[in-house]
There are 2 protein chains.
Amino acid sequence: MGSDKIIERWVPQFRKGLLEFIILLKLQQGAIYGYELAIEIKKLTSIEVAEGTLYPLLNRLKRDGLVTTEWQTAEVGTPRKYYKITTLGLETLTKMKTVWTNTHSSILNMVMQS
Amino acid sequence: MGSDKIIERWVPQFRKGLLEFIILLKLQQGAIYGYELAIEIKKLTSIEVAEGTLYPLLNRLKRDGLVTTEWQTAEVGTPRKYYKITTLGLETLTKMKTVWTNTHSSILNMVMQS
DNA sequence: GCATAGTACATTGTATTGCTATGTATATGG
DNA sequence: CCATATACATAGCAATACAATGTACTATGC
């Protein structure tokens, strides 16, 4: 098996948890609805989030109180469910940033040593 | 539920996949056995790897041809199984470094914007 | 009118994988 | 002897990314 195949299997695993972090980062900039969020994430990180990944994840964030939701209907178009980050979400995000920063510097050290 | 509790649940998810990357990074510096590897990872990254996590993971890496193993017996002490990175492992590691770097810069951009 | 593509949300089932718990065996210090 | 540390290993559980599928509305071209 080539390394490409291995990477292909690894990347989704690598993303686990990371997606939650990325979504909260994006939500920090303002409320957004699911479909737009998927497009934004792809634009910003080149990560293609499947809808079967995104919606359950957003529901988990809501269940845990990190986001709230609000339906918005317009005269035209399908109703959109907007997600907004809560105080708890912002608190959590701050801690995630710390974990990310620490992990990054550890890994950077290991890369340097090699 | 407080943000600490949420982070506690998030961190293991965040590590998924990352562990493989960290292990290959360490192995790049030379062969090492499982028990020592766990201690090294904790020292380098503050990540406490449970043995029930580490050994299955090392076996996966072996199954996929990223590492080879060799038993080494000494006059005293328990025999140790040394893990050595293969060419395929080094190839894979290079690609993982790229993914890591790209992801990091994307996230950095999102952090900046906020 | 109507077909096609796009927008928007949602669920089910599967595979992967980190972790807890547990087990085996050897070595060492009190 | 008995606790602790070293060293490897497996079984079962829980979390989660993803593919596949479904519903419903809108926009565009013909």
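Proteins get letters first, then strands, A, B, ... in listed order; numbering begins at 1 in each. Heavy-atom basis, side chains included; hydrogens, waters and symmetry copies ignored.
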Any non-hydrogen side-chain atom of B:Val67 less than 4.5 Å from a side-chain atom of B:Leu58?
no

5'-most contact on DNA chain D: B:Ile39 or B:Lys81, nearest heavy atom basis?
B:Ile39

If you look at every heavy atom in A:Ser3 and B:Glu91, which pair is closest and at what distance?
OG-OE1, 3.4 Å

Enter the distance from A:Met96:CE to B:Trp10:CH2 here, rounded to the nearest 0.5 Å.
5.0 Å

Of all residues at least two apart in sequence or in a different chain, which pass the ring pair (Phe, Tyr, Trp, His ring centres under 6.0 Å) check with A:Tyr35?
none

Between C:dA8 (P) and A:Glu40 (CD): distance, integer Å
13 Å

Which residues in residues 43-56 of chain A have at least one heavy atom lying under 4.0 Å from any atom of DNA chain D?
A:Ala50, A:Gly52, A:Thr53

Taking only N and O in the side chain of B:Arg15, is any of them less than 4.0 Å away from OP1 or OP2 of C:dC19?
yes

Assign B:Tyr83 to base, sugar-phosphate, or nothing according to its heavy-atom contacts below 4.0 angstrom with the strands shown.
sugar-phosphate

Does A:Arg80 place a side-chain N or O at less than 4.0 Å from the phosphate oxygens OP1/OP2 of C:dC9?
no

Residue set satisfying side-chain contact (heavy atoms from CB on, under 4.5 Å) with B:Thr78, at least two apart, ordered chain then number -> none

Atom CG of B:Leu58 and atom P of C:dG18: how far apart are they, to the nearest Å?
11 Å

State, to 0.1 Å, how close A:Leu93 and A:Leu24 come at their nearest heavy-atom pair, and which atoms those are.
CD2-O, 3.6 Å

B:Gln13: which residues meet the side chain to side chain donor-acceptor pair (under 3.5 Å) condition with it, sequence neighbours left out?
none

Donor-acceptor contact present, side-chain A:Thr86 to main-chain A:Leu66, <3.5 Å
yes

What distance separates B:Thr53 OG1 from B:Leu57 CG, expressed to the nearest 0.5 Å?
8.0 Å

Heavy-atom contact window of chain A on DNA chain D, given 5' to 3' at under 4.0 Å:
D:dT16 to D:dA27

Each nucleotide of nucleotides 24-30 of chain C classed B (base within 4.0 Å of a protein heavy atom), S (only sugar-phosphate) or -, in 5' to 3' order, makes --BS---

